[in-house]
Number of protein chains: 2
Amino acid sequence: MKIGDAAQRSGLPAKTIRYYEEIELVAPARGANGYRDYSDNDVHRLAFLRRARGLGFSVAECRALLSLYDDDSRASADVKRMALAKVGEIDAKLAELTSLRDTLARLAATCHGDDRPDCPIIEGLAGATS
Amino acid sequence: MKIGDAAQRSGLPAKTIRYYEEIELVAPARGANGYRDYSDNDVHRLAFLRRARGLGFSVAECRALLSLYDDDSRASADVKRMALAKVGEIDAKLAELTSLRDTLARLAATCHGDDRPDCPIIEGLAGATS
DNA sequence: GCTTGACCTTCCTGTTGCTGGAAGCCTTAT
DNA sequence: ATAAGGCTTCCAGCAACAGGAAGGTCAAGC
């Protein structure tokens with residue numbers, strides 16, 4: 001099937017699919033006219049990539065996951081380790097974002113928000129220790 | 001003062017400071033030898049940038065904040081609006097990350113994580129609707 | 001059989017926010 | 001005098017694509 005159909009079925013934009021080929025995550029066949037020709041298995045890989053990327057795995061991590069995916073003798077422990085590490089990363093990011101949100105919200109709350117020029121947010125950004 | 005000192009005082013790497021000059025966020029003086037010469041005010045701006053960037057403001061937003069910062073007649077309402085919009089963005093990101101984290105954790109929890117090749121995580125990524 | 005329009009191809013550029021390195025001055029300390 | 005370190009510029013590249021130009025191809029309709 002052609003790239004447009006593969007895009008529709010996998011949920012990825014065609015541009016992204018071509019990019020994934022360029023960085024060698026998928027290797028579709030080529031028709032006589034030069035058009036890319038995707039098998040069901042290719043589409044499967046693409047959908048896999050879309051989900052994994054959507055879950056926050058980097059392209060490098062997706063590459064590793066794909067090699068596990070391709071490897072019938074992989075140990076599920078390997079995959080679990082990667083998933084749990086990712087959960088840890090996400091937790092760290094969540095904590096960071098939360099504290100950041102609170103700092104900003106606190107600054108905004110102390111701002112009277114009118115026409116006067118003095119503003120605690122600006123002052124907080126300019127010199128606050130936090 | 002020279003860039004090294006400015007870096008130390010502002011908490012930004014020298015490379016980043018030069019980059020900020022390139023994109024015209026700061027405009028230090030130059031000494032006779034061609035060295036950049038930072039005033040206290042420059043360092044202040046740099047520290048402001050470091051904090052704002054650390055709070056998740058984009059460089060474009062920082063530029064806007066700096067122009068407010070420079071403008072003595074600004075309304076604090078403008079700043080408050082930006083800050084609150086940013087809080088909203090962060091909340092959205094938090095929600096997204098949280099759901100992502102839960103999906104991954106759920107996948108990991110159902111994985112026995114031993115030497116056997118079958119792995120619910122891989123299967124979940126390969127075909128799950130979620 | 002010819003046109004139209006939708007697709008496909010490649011290639012190049014731009015995005016965001018830096019970071020690293022190379023080559024070469026300048027300064028400071030010994 | 002010399003060595004180490006800091007400063008300068010410029011060039012390259014990272015992630016992960018997105019946008020667009022220029023051109024080839026294909027199926028349908030008239």
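Not measured: the values here are computed from a predicted model. Here is the naming used below: chain letters follow the sequence lines, and residue numbers restart at 1 for every chain.
Side-chain atoms of B:F57 and A:L104, non-hydrogen and from C-beta on, do get closer than 4.5 Å to each other. Looking at A:K86 and A:L55, their side chains never come closer than 4.5 Å, going by heavy atoms from C-beta outward. A:F48 is listed as a side-chain neighbour of A:L66, based on a closest heavy-atom distance under 4.5 Å. Looking only at side-chain heavy atoms (C-beta outward), A:V79 and A:M82 stay at 4.5 Å or farther from each other. Contact annotation: the side chain of A:R36 never approaches that of A:K2 to less than 4.5 Å [non-hydrogen atoms, C-beta and beyond].
Here B:Q8 pairs with nothing under the side-chain contact (heavy atoms from CB on, under 4.5 Å) rule; sequence neighbours left out. Every residue meeting the side-chain contact (heavy atoms from CB on, under 4.5 Å) condition with A:R53, not counting sequence neighbours, appears here in chain and number order: A:Y20, A:V59, A:C62.
One atom, CZ of B:R63, and another, C1' of C:dT16, lie 12 Å apart when rounded to the nearest Å. Between A:D37 atom CG and C:dT9 atom C1' the separation is 15 Å, expressed in whole Å.
For the pair A:G31 and A:D37, the tightest heavy-atom approach, listed with the atom from each and the gap, is N-CB, 4.4 Å. What you find for B:R45 and B:D70 is that their closest heavy atoms are NH1-OD1, 2.8 Å.
Interface limits on DNA chain D: the 5'-most and 3'-most nucleotides within less than 4.0 Å of chain A heavy atoms are D:dA16 to D:dC26.
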Acceptor/donor pairs from residues 9-19 of chain B side chains to any protein atom, 3.5 angstrom cut, sequence neighbours excluded:
{"from": "B:S10", "atom 1": "OG", "to": "B:A6", "atom 2": "O", "distance (Å)": "2.8"}
{"from": "B:S10", "atom 1": "OG", "to": "B:A7", "atom 2": "O", "distance (Å)": "3.4"}
{"from": "B:S10", "atom 1": "OG", "to": "B:L12", "atom 2": "N", "distance (Å)": "3.2"}

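Of the residues in residues 11-25 of chain B, those with a non-hydrogen atom less than 4.0 angstrom from any atom of DNA chain C are B:P13, B:K15, B:T16, B:Y19, B:Y20. Near DNA chain C, meaning a heavy atom under 4.0 Å from it, residues 83-94 of chain A has no residue at all.
When the nearest nucleotides of DNA chain C are assigned to A:G34 and B:A60 by heavy-atom distance, the more 5′-ward of the two goes with A:G34. Judged by closest nucleotide on DNA chain D, B:I3 is the one of B:I3 and A:V59 placed further toward the 5' end.
Under 4.0 angstrom from either OP1 or OP2 of C:dT10 there lies at least one side-chain N or O belonging to A:R30. Residue A:N33 places no side-chain N or O under 4.0 Å from the OP1 or OP2 atom of C:dT9.
No hydrogens or angles considered: a donor-acceptor pair under 3.5 Å links the side chains of A:S39 and A:D42.
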